[in-house]
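Quick caveat, the model's predicted, so the values are computed rather than measured. FYI, side chains are in, hydrogens and waters are out, and symmetry mates aren't considered; it's all heavy atoms of this structure.
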Amino acid sequence: MQLIAGLIFVALVLLAGIAVQRFLRQRRDCLLQSKIIASANCCVAVTDATAPRHPIMYVNPAFRLLTGYTESDLLGQTMAILAGPETDRALLDKLAVALQDGRAGRICLRHYRKNGTPFWNEITLSPFKDRSGRVTSVVWVMADVTQRRQEERAVRESEERFDLAVQAAQAGIFEHDHHTDILYWSPILRDIYGVSPD
C-alpha cells in the first residue's frame, strides 16, 4: 500500500513538474512575442473576438504614436474609435462581416487620429484560433498609407489633365484655305478667341 502511495506521489510530482515547465515555456514565448510586437515599427492592435464588438486588448507603441491615443484611451474600446465623417461605411460593414466570420482580410480606410486629423489606414486582419478552432482574438496590423494615396491621386490627376489637354488640342483644330481665310473654327477655339459661329 505504501509502495502504491509512493508511486502515485512520484507521478503527481512529475506531472506537476511537466505542467510548471510547460507554463514557464509558454510564458517565456508570450513575453518574447510581446517584446517583438512592442518593438515593431508597424502598428499592431489585438482585439478580443470572444466579446461583442471586439474590444481592444492590446496596442503597441507604434499604434499609439500613429493615432495619438493613450493605452488607457484604447483598452476596452472598439476600433470604431478611429472612424470619422469620411470613413467609408460600406467598407466598415465589409470589415464587420470579416470579423464576424473570423476571416483574414485587408482593407484601406480613412481613419482619424485623436486630434481629428485624417489618415489612410491599410489594415490587415489575422484571426487567431484556439485548439477547438474558435477565433479568440484578432491581430490588426496597420500602416499609414496617406502619402502613397496622395502620390497615387497626384498621378491620376496629372494623367487626367494630360488627357484633357490632348482632347482640347484635338478639338481645337481649325481649317483654312490657302488664302488664310478660316473656313472652320472648333467650338473650343471659338470660345477661346471669342469668335461667333457666323
Side-chain angles (χ1 to χ4, degrees), residues 20-159:
V20 167
Q21 184 181 18
R22 181 177 287 168
F23 171 78
L24 292 174
R25 184 174 53 238
Q26 286 175 341
R27 183 159 185 223
R28 185 191 71 226
D29 291 347
C30 286
L31 286 172
L32 178 62
Q33 290 171 358
S34 294
K35 287 180 182 180
I36 291 169
I37 290 171
S39 65
N41 286 335
C42 58
C43 302
V44 177
V46 180
T47 58
D48 184 357
T50 63
R53 299 176 38 109
H54 290 254
I56 299 169
M57 300 186 315
Y58 172 82
V59 291
N60 72 344
F63 184 96
R64 295 190 306 268
L65 184 64
L66 172 66
T67 65
Y69 287 100
T70 65
E71 192 171 35
S72 61
D73 291 334
L74 294 164
L75 296 183
Q77 296 294 320
T78 67
M79 287 298 190
I81 196 169
L82 300 177
E86 292 181 24
T87 304
D88 187 328
R89 300 300 170 200
L91 289 177
L92 285 177
D93 291 343
K94 191 175 180 181
L95 184 66
V97 169
L99 288 170
Q100 182 180 356
D101 295 345
R103 289 184 286 119
R106 177 173 281 165
I107 198 165
C108 190
L109 287 171
R110 183 87 157 170
H111 271 162
Y112 293 81
R113 293 178 177 85
K114 184 176 182 177
N115 67 7
T117 58
F119 67 100
W120 285 102
N121 194 4
E122 187 174 75
I123 304 165
T124 303
L125 298 177
S126 298
F128 279 82
K129 299 178 180 179
D130 62 13
R131 290 183 181 175
S132 69
R134 184 179 76 139
V135 177
T136 57
S137 60
V138 177
V139 175
W140 303 58
V141 178
M142 302 179 187
D144 181 355
V145 293
T146 305
Q147 184 174 352
R148 186 181 79 199
R149 293 286 293 237
Q150 289 171 342
E151 290 167 356
E152 290 170 353
R153 183 178 180 187
V155 167
R156 272 194 317 273
E157 288 174 354
S158 176
E159 289 171 349

Please give me the minimum heavy-atom distance between [X] and [Y], naming the atom from each residue.
X: Tyr69; Y: Tyr112; answer: CE1-O, 4.4 Å
X: Ala62; Y: Cys42; answer: CB-O, 3.5 Å
X: Gly102; Y: Val135; answer: CA-CG2, 4.0 Å

Sequence neighbours excluded and cut-off under 3.5 Å, please list the side-chain donor-acceptor pairs for residues 82-98, or say none.
unit_1 : atom_1 : unit_2 : atom_2 : d
Thr87  : OG1    : Gly84  : N      : 2.8
Thr87  : OG1    : Gly84  : O      : 3.4
Thr87  : OG1    : Arg110 : O      : 2.6
Asp88  : OD1    : Ala90  : N      : 2.9
Asp88  : OD1    : Leu91  : N      : 3.2
Arg89  : NH2    : Gly84  : O      : 3.1

To the nearest 0.5 Å, tell me how far [X] [atom1] sits from [Y] [atom2].
X: Trp120; Y: Asp144; atom1: CH2; atom2: CG; result: 11.5 Å
X: Arg113; Y: Asn121; atom1: CZ; atom2: CG; result: 9.0 Å
X: Ile123; Y: Cys43; atom1: CD1; atom2: SG; result: 10.5 Å
X: Met57; Y: Thr50; atom1: CE; atom2: OG1; result: 7.5 Å
X: Ile81; Y: His111; atom1: CD1; atom2: NE2; result: 11.0 Å

[X]: which residues meet the side chain to side chain donor-acceptor pair (under 3.5 Å) condition with it, sequence neighbours left out?
X: Thr70; answer: Ser72, Asp73
X: Glu151; answer: Gln147
X: Arg148; answer: Glu122

Salt bridge (charged side-chain N to carboxylate O under 4.0 Å, His left out) partners of residues 52-70, not counting sequence neighbours, each pair once |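 Sorted result for residues 52-70: empty, none.
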
Given side chain to side chain contact (heavy atoms under 4.5 Å, CB included), test Thr78 with His54 step by step and report yes or no.
-> CA-CA 6 Å; Thr78 67; His54 290 254; over 6 Å; no

Side-chain contact test, heavy atoms from C-beta onward, threshold under 4.5 Å: evaluate it for Val46 versus Phe128 and give yes or no.
->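 Answer no - side chains too far apart.
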
So do the side chains of Trp140 and Leu125 get within less than 4.5 Å of each other, counting heavy atoms only?
->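 The answer is yes; the side chains approach within 4.5 Å.
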
Which residues satisfy the salt bridge (Lys or Arg N to Asp or Glu O under 4.0 Å) test with Asp48, sequence neighbours excluded?
->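 Asp48 satisfies salt bridge (Lys or Arg N to Asp or Glu O under 4.0 Å) with no residue once adjacent residues are dropped.
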
Is the backbone N or O of Phe63 less than 3.5 Å from a side-chain atom of Thr67, with the two atoms forming a donor-acceptor pair by type?
->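 Yes, because the side chain of Thr67 sits within donor-acceptor range (under 3.5 Å) of the backbone of Phe63.
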
Does Lys114 NZ have over 12 foreign heavy atoms under 6.0 Å away?
->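 Enclosed.
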
